[in-house]
There are 2 protein chains.
Amino acid sequence: MFLLRRVCRPDGRLRLIVNKIRNMEEFASLSGISRPTVSKYFNDPSSVRQSTRDRIEEALERYDYRPNIYAMNQNRRLTKNIGIVVPYLADPFFAEIVRVIERRCIDAGFSPSLFSSHGEQALEIGILDNLRSLKPAGVLLAPLGRLSDKSAIESFCRDVPTVLFDSNIEGMGEAFVGSDNYSFVSQTVEYLHRTGEPPCFFEMRNPANPNANKRRKAYLSMMEKLGLEPHIIPVEGSGWRFEEIGRLGGLKVLEAGSLPTNTVLCSNDRLAIGFLSACYEKGVKVGRDKGCSLRVASHDDHPFSRFTCPSLTTAAHDYTAVSDHAVETLFRLIESGGTLETRQESLFPARLIMRDSA
Amino acid sequence: MFLLRRVCRPDGRLRLIVNKIRNMEEFASLSGISRPTVSKYFNDPSSVRQSTRDRIEEALERYDYRPNIYAMNQNRRLTKNIGIVVPYLADPFFAEIVRVIERRCIDAGFSPSLFSSHGEQALEIGILDNLRSLKPAGVLLAPLGRLSDKSAIESFCRDVPTVLFDSNIEGMGEAFVGSDNYSFVSQTVEYLHRTGEPPCFFEMRNPANPNANKRRKAYLSMMEKLGLEPHIIPVEGSGWRFEEIGRLGGLKVLEAGSLPTNTVLCSNDRLAIGFLSACYEKGVKVGRDKGCSLRVASHDDHPFSRFTCPSLTTAAHDYTAVSDHAVETLFRLIESGGTLETRQESLFPARLIMRDSA
DNA sequence: TCTAATTTTTAACGCGCGTAAAATTTTTCT
DNA sequence: AGAAAAATTTTACGCGCGTTAAAAATTAGA
């Protein structure tokens, strides 16, 4: 063994250096096991006999060798990489989901890579392009939605086993996992109607996210079902700065005094956060107490929604269920070789969170 | 050319398939250029004659070939990867910085990889461990701070060219780029003192982030300089759920009526967001108008701080300057082979943002 | 204890590309 | 046009590991 080397340090003292192990060959001979077996071990530790596994792991602790991932992935038909793509990472909603998903992937022995489209089509296309050459075992993709290049996503899904989440694009990917927008809206509308005036619906005129359209439809159908007249308040603006859009739209509506009811249901929490700040600015008191002139509710249970003033009544995603099910679906997809018999859509219901704003 | 292949589709129709190019050899012969030259091109397009560059790029469009990144990175002494590590990606502050940094790296021809320690030491260690085997050209690291395993970070910085940002750890990495905490606090304290009662300082008792300690010191020294008596309000709590910590701490303080002044300076915006929500809950009117009983200010200019109620007066990071300078420092570090003569610390001053809370 | 089944070893090839040296071609400049 | 400089081609090796097939060793089972 030439593993120990004497090195003369600047201060004159001698130091024993443990040579870094250069490759699997070296590590194998050091641990007294043949390289193919070691290779087999790294592919799947349970595929070798317990006794040899112990010997390898023992050597692993002594020499802390790690196989070269580039050489590994070059020759593997499939890597252990998993791509996670979200439309906007600066949105705490996605940041939170990503955190959970990432953890699950690591626990299952995969290497997750994070990507954010930052709300731009060009970036989403670029990410998918790069992802292809990463040869990932699978991808969890939350697409931009309306802004997505459908054909780019379609062609990507043909090449890479993909599970869509958060926002659905009809027919793409092997499965979709998300929240049931109807469940969100029906609960908030029902609650608001039961406890006061029926709500009008505050949203962006041209929402980027397909969930927004589903929520509008759910609002309309729910109001019809209750025999109530729907009112939609569309606000202008594009991009992902929802708070600012909600604030400006809110100021406009409040200044015009054009609200048809004293109850506003926002399409999502980030719009609501902006709307609430507009209310505060205009001195409009929000809440369900007497002395309040407006009720505001919303959807998503954004991580910040409990710190708004007043705290926001909202319908919560089942974050854990969505994340877990998305990951598990992807694992099944990977195990079954990249295709499922039929495209599966899983929708999880919302949970109404009653706080102070409505 | 054997690029075209007839394939019999399930429905019986024939389809012409353009064969995927398998490797650089094939692409080279197809474009009429030798493989070493093509390899050279991919390493640095400007390193080949313009005419051959044109020919390659022309062929590139026809055949859309992309070199195998694993094979590339295996043999390169240095990859074009850049690691970006932040302590908590769900914090919009980091999400925003990461977004800017990511873009700069891509524009410079690098492949950034994102990692979040999610506030956990074990994860940070694991990330650095994985990062090592990615052989990155360089790493931009925002460490956890107090929770970081100093020796793990030190050993990492010895192996990989690293620039620290956001929070400094004395002597580690080749450079540090961040904001000047003294500039933040001196501006807010001076402003608050000039326009009303001097502030007390609201912060976590055991902050994870080293910036918090610097801010406390800055507050103390600033108050002393102004000949004022400092008051520190330490609140309990650990982890990264600052809003909740600020809210609970705020409720406690407000209920006890123990605030020594009518002006509260929070260590950071996320604490302030929680504190403001506590004020609202307790019916304490915040702002500088008459009728308000409390002024609240803070530091960071968190993306959400302009949507609080009232909007938050705060000292803003120069996001762009910090991001740009961190990236440029890393690029210089990479170009100079991984070491700078001396460890450089760059601090950028804050900009006071006057809003409605103080 | 002996045989069959399982696991490991030996030996060898290939993956796709970086890289180096020498030979050749092309360009540049006087 | 001719020589020097620059770029490209040819040839060839190596990187670290996946993978395979046949041989050898170990284990399990009766």
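Note that the coordinates shown come from a computational prediction; the quantities given were computed from them, not determined experimentally. Quick note on labels: first sequence line is chain A, next is B, and so on, each numbered from 1.
Side-chain atoms of A:E57 and A:Y41 form a donor-acceptor pair, as typed in the model, at a separation below 3.5 Å. Between the side chains of A:S151 and A:D149, a donor-acceptor pair is found at a separation under 3.5 Å. Judged by distance alone, the side chains of A:S155 and A:R132 do bring a donor and an acceptor atom under 3.5 Å apart. Using a 3.5 Å distance cut-off with no hydrogens or angles, the side chains of A:N68 and B:Q74 do not pair a donor with an acceptor.
Within the 4.0 angstrom heavy-atom criterion, no nucleotide atom of any strand lies near B:Y41. At a threshold of 4.0 angstrom between heavy atoms, the contacts of A:F27 with the nucleic acid are absent. Counting non-hydrogen atoms under 4.0 angstrom, A:P36 reaches a base of the nucleic acid.
Between the NZ atom of B:K135 and the P atom of C:dG18 there is a distance of 12 Å, given to the nearest Å. Following rounding to the nearest Å, B:F42 (CZ) and C:dT19 (C1') show an atom-to-atom distance of 17 Å.
Annotation: of the two residues near DNA chain D, A:E25 and A:R49, the 5′-most nearest-nucleotide partner is A:E25. Mapped onto DNA chain C by nearest heavy atom, B:S51 and B:N68 fall at different nucleotides, with B:N68 at the one closer to the 5' end. Each of A:R35 and A:T52 has a nearest nucleotide on DNA chain C; the 5'-most of these lies closest to A:T52.
Checking the phosphate oxygens (OP1, OP2) of C:dC17, no side-chain nitrogen or oxygen of B:S39 falls inside 4.0 Å.
Once you apply a 4.0 Å limit to the heavy atoms of chain B, the touched nucleotides of DNA chain D run 5' to 3' over D:dA7 to D:dG16.
Here the side chains of A:V86 and A:F115 are not in contact, with every heavy-atom distance at 4.5 Å or above.
What you find for A:E124 and A:P143 is that their closest heavy atoms are OE2-CA, 3.3 Å.
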